[in-house]
**Student:** 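Let me begin by handing over the structure; questions about it come next.
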Amino acid sequence: MNTIGKRIKALREDMDLSQKELAAKTDMTEATLSRYENDLREPKVSAIIRLAKALNTTSDFLLGLSDNPYGKESHPLNSAEIKLIKLFATLSSVNKLRLIERAQTLADMQNSTDN
């Protein structure tokens, strides 16, 4: 069974966040986060709530009460999808439209070869 530290670390890495970035998002020090990830310390309830929000997960998953990190209704994004969204957010409106058109062309090409 995964520990809370392993779950925090796995989610952080899936989101391509450094310890420094996650620590800033959760208003904790890197040292504290490192202790949690290495199971040297157990986070308090307030820290679990901040971590769950920052990692787009549930407190139940962090605590090991659920094996679904994203809850019942949400659809998890893998690291490639998260990277794509981050890159997309940096583009101008014109380039966002261009990227959408290119993605549609690739999807159409894939669909035509699948059939």
**Student:** Indicate yes or no: does E37 engage R12 in a salt bridge with an N to O separation below 4.0 Å.
**Tutor:** yes
**Student:** Measuring from T26:OG1 to I8:CD1, what's the distance to the nearest 0.5 Å?
**Tutor:**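 So the gap between those two atoms works out to 9.0 Å.
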**Student:** What are the two closest non-hydrogen atoms of T57 and L62, and how far apart are they?
**Tutor:** CG2-CG, 4.0 Å
**Student:** Below 4.5 Å, heavy atoms only, C-beta onward: do R7 and T3 meet side chain to side chain?
**Tutor:**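 No, too far: nothing below the 4.5 Å cut-off.
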**Student:** Determine the minimum heavy-atom distance between A54 and M15, stating which atoms define it.
**Tutor:**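 Between these two residues, the closest heavy atoms are O-CE, 3.6 Å.
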**Student:** Atom CE of M28 and atom CG of L22: how far apart are they, to the nearest 0.5 Å?
**Tutor:** 7.0 Å
**Student:** Should we say atom NZ of K86 is surrounded by more than 12 heavy atoms from elsewhere, each under 6.0 Å from it?
**Tutor:**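 Enclosed.
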**Student:** Under the criterion side chain to side chain donor-acceptor pair (under 3.5 Å), I'd like the reasoning laid out for S34 against N38: C-alpha separation, chi angles, the key distance, then a yes or no.
**Tutor:** CA-CA 6 Å; S34 176; N38 290 300; 3.2 Å; yes
**Student:** Rounded to the nearest 0.5 Å, what separation is found between the CD atom of E30 and the OG1 atom of T32?
**Tutor:** 10.0 Å
**Student:** Considering non-hydrogen atoms only, spot the tightest contact between Y36 and R41 and give its length.
**Tutor:** CD2-O, 3.5 Å
**Student:** Should L87 and I100 be regarded as members of a common hydrophobic cluster, given that ILVMFWY residues are connected when their side-chain heavy atoms come within less than 4.5 Å of each other, either directly or indirectly?
**Tutor:**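 Hydrophobic grouping puts L87 apart from I100.
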**Student:** So, for L11 and F61, which heavy atoms are closest and what is the spacing to 0.1 Å?
**Tutor:** CD1-CE2, 3.6 Å
**Student:** Suppose we screen for side-chain hydrogen bond (donor to acceptor under 3.5 Å, both in side chains). Which residues come up paired with R50, at least two apart in sequence or across chains?
**Tutor:** none
**Student:** Distance from S93 atom OG to R98 atom CZ, nearest 0.5 Å?
**Tutor:**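 If we round to the nearest 0.5 Å, S93:OG and R98:CZ are 11.5 Å apart.
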**Student:** Would you find a donor on one side and an acceptor on the other, under 3.5 Å apart, between the side chain of E13 and the backbone of A10?
**Tutor:** no
**Student:** So, for K96 and L91, which heavy atoms are closest and what is the spacing to 0.1 Å?
**Tutor:** CE-O, 3.2 Å
**Student:** Answer yes or no: are there more than 12 heavy-atom neighbours, outside D67 itself, under 6.0 Å from its atom CG?
**Tutor:**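 Result for CG/D67: open.
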**Student:** Could you tell me the separation between the CG atom of N56 and the CG atom of L51, rounded to the nearest 0.5 Å?
**Tutor:**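 These two atoms lie 12.0 Å from each other.
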**Student:** Specify the closest pair of heavy atoms between L63 and I48, including all atoms of both residues, with the distance to one decimal.
**Tutor:** CD2-CD1, 3.6 Å
**Student:** Honestly curious: do L99 and V94 fall in one hydrophobic cluster under the side-chain, below-4.5 Å linking rule?
**Tutor:**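 Different hydrophobic clusters.
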**Student:** Applying a strict under-4.5 Å side-chain criterion to I, L, V, M, F, W and Y, I'd like to know whether F88 and L97 cluster together.
**Tutor:** no
**Student:** Please determine whether a side-chain nitrogen of the Lys or Arg among K9 and D14 lies less than 4.0 Å from a carboxylate oxygen of the Asp or Glu.
**Tutor:**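 No, no charged N to carboxylate O under 4.0 Å.
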**Student:** Does I4 reach the side chain of P43, with side-chain heavy atoms less than 4.5 Å apart?
**Tutor:**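 A side-chain contact exists here, since the closest heavy-atom pair is under 4.5 Å.
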**Student:** Are L33 and V45 connected into the same hydrophobic cluster when the rule is that any two of I, L, V, M, F, W, Y join if their side-chain heavy atoms are below 4.5 Å apart?
**Tutor:**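 Shared cluster, no.
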